[in-house]
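These notes concern the structure reproduced below.
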Amino acid sequence: MDQPPPGRLMDRLREAIRVRHYSIRTEETYLFWVRRFILFHGKRHPSEMGATEISRFLTHLAVERSVAPSTQNQALNALVFLYDRVLAQPLGEIPAIVRTARKPKIPVVLTQEEVAKVLARLCGVYWLIACLQYGAGLRLLEGVRLRVKDLEFHHQAILVRHGKGGKDRVVTLPEAVIGPLRNHLKTRTDLFEQDKRAGCATVYLPDALARKYPNAASEWGWQYLFVG
């Protein structure tokens with residue numbers, strides 16, 4: 001079997017993820033778990049290890065770290081991707097893994113009065129993001145990743161890019177936050193102008209967009225709506 005091309009392992013892993021257009025969050029998660037796996041085994045190179053070492057690592061996460069089942073599955077997915085797509089060493093059957101016990105999860109649904117109490121204790125961008133979560137059905141990361149151009153005030157809509165499952169969707173922009181969002185954009189514009197003068201007004205863009213629109217990273221429409 002042909003060996004993967006030379007180069008640093010993490011660089012090759014990152015490239016394999018981006019070629020498949022995975023989200024930046026998935027990229028960060030996969031890199032994190034591969035690093036943890038390598039450190040757990042005394043910095044041995046993954047090409048020198050295999051299914052047995054993966055089983056030991058995942059069992060360690062369940063028994064000694066008591067991670068959630070979803071966290072253990074994240075680690076497994078990251079390592080399967082590494083061996084299959086980067087090292088070209090398919091794992092086959094992985095020896096018995098001690099699985100984290102799955103506890104029944106009962107969803108908590110707040111009443112309108114409870115939501116109002118929560119929102120009343122928030123202010124500024126935190127209040128805006130929470131209102132968008134409640135009023136438009138955005139997930140937390142979908143809210144904090146919104147770009148200026150994702151807001152359609154005229155159509156009272158929000159374009160959610162690369163949401164769950166890598167899909168885009170359009171949701172309703174709650175009327176109650178239109179005024180506060182317009183005011184926020186005035187402040188955000190001032191900050192953008194300051195960043196431009198300081199030479200640091202660029203934002204992250206996925207590789208395909210960065211190639212197609214090389215100047216987009218420093219344009220107003222692509223700026224993040226909420227910044228720290």
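Heads up: numbering here begins at 1 and tracks the sequence. Below, all heavy atoms of this structure are taken into account, side chains as well, without hydrogens, waters or symmetry copies. All figures in this text were calculated on a predicted structure; none of them were measured in a lab.
- Across Ile94 and Ser55, no two heavy atoms sit closer than the pair CG2-CB, 4.0 Å.
- Under the rule for a side chain to side chain donor-acceptor pair (under 3.5 Å), the partners of Arg161 that lie at least two apart in sequence or sit in another chain are Asp150.
- One hydrophobic cluster, built from ILVMFWY side chains closer than 4.5 Å, cannot hold both Val227 and Leu151; they sit in different ones.
- More than 12 heavy atoms of other shown residues, nucleotides or ligands fall within 6.0 angstrom of atom CZ in Arg169.
- Qualifying side chain to side chain contact (heavy atoms under 4.5 Å, CB included) partners for Arg25, counting only residues two or more places apart in sequence or in other chains: Ser23, Glu28, Thr29, Leu141, Arg145.
- Nearest heavy-atom pair, Val203 versus Trp222, reported as atom, atom and distance to 0.1 Å: CG2-O, 3.4 Å.
- For the residue pair His45 and Leu87, the shortest heavy atom distance occurs at CE1-CD2, 4.3 Å.
- Considering all non-hydrogen atoms of both residues, Leu13 and Tyr30 come closest at CD2-O, 4.2 Å.
- Between Arg188 and Asn183, the side chains place no donor N or O within less than 3.5 Å of an acceptor N or O (distance only, hydrogens not considered).
- Under a hydrophobic clustering in which Ile, Leu, Val, Met, Phe, Trp and Tyr are joined whenever their side-chain heavy atoms come within less than 4.5 Å, directly or via other members, Met10 and Trp33 fall into the same cluster.
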Determine, stepwise, if the pair Arg139 / Gln133 fulfils side-chain contact (heavy atoms from CB on, under 4.5 Å). CA-CA 6 Å; Arg139 297 175 177 85; Gln133 286 184 267; over 6 Å; no
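- Within 6.0 Å of atom OH in Tyr126, 12 or fewer heavy atoms from other residues, nucleotides or ligands are found, so the atom counts as exposed in its surroundings.
- Separation of the Tyr22 and Phe81 ring centroids falls under the 6.0 Å cut-off.
- Nearest heavy-atom pair, Thr172 versus Ile158, reported as atom, atom and distance to 0.1 Å: O-CD1, 4.4 Å.
- Taking the six-membered ring where tryptophan is involved, the planes of Phe37 and Phe57 are perpendicular, since the angle between them exceeds 60° and thus also 30°.
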Starting from the C-alpha separation in whole Å, work towards a yes-or-no answer on side-chain contact (heavy atoms from CB on, under 4.5 Å) for Leu225 and Arg147. CA-CA 5 Å; Leu225 183 59; Arg147 315 261 183 169; over 6 Å; no
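- Sparse packing is recorded around OH of Tyr213, with 12 or fewer heavy atoms of other residues, nucleotides or ligands lying under 6.0 Å away.
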Test log, rule side-chain contact (heavy atoms from CB on, under 4.5 Å), inputs Leu146 and Leu159: CA-CA 8 Å; Leu146 284 175; Leu159 172 60; over 6 Å; no
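- Scanning all heavy atoms of the two residues, the minimum distance from Val177 to Cys131 falls at CG1-CB, 3.5 Å.
- Between the side chain of Arg20 and the backbone N or O of Ala16 there is at least one donor-acceptor pair closer than 3.5 Å.
- For Glu48, the CD atom counts as densely surrounded, since its 6.0 Å shell holds more than 12 non-hydrogen atoms of other residues, nucleotides or ligands.
- The environment of CD in Glu114 is crowded: more than 12 heavy-atom neighbours from other residues, nucleotides or ligands sit within 6.0 Å.
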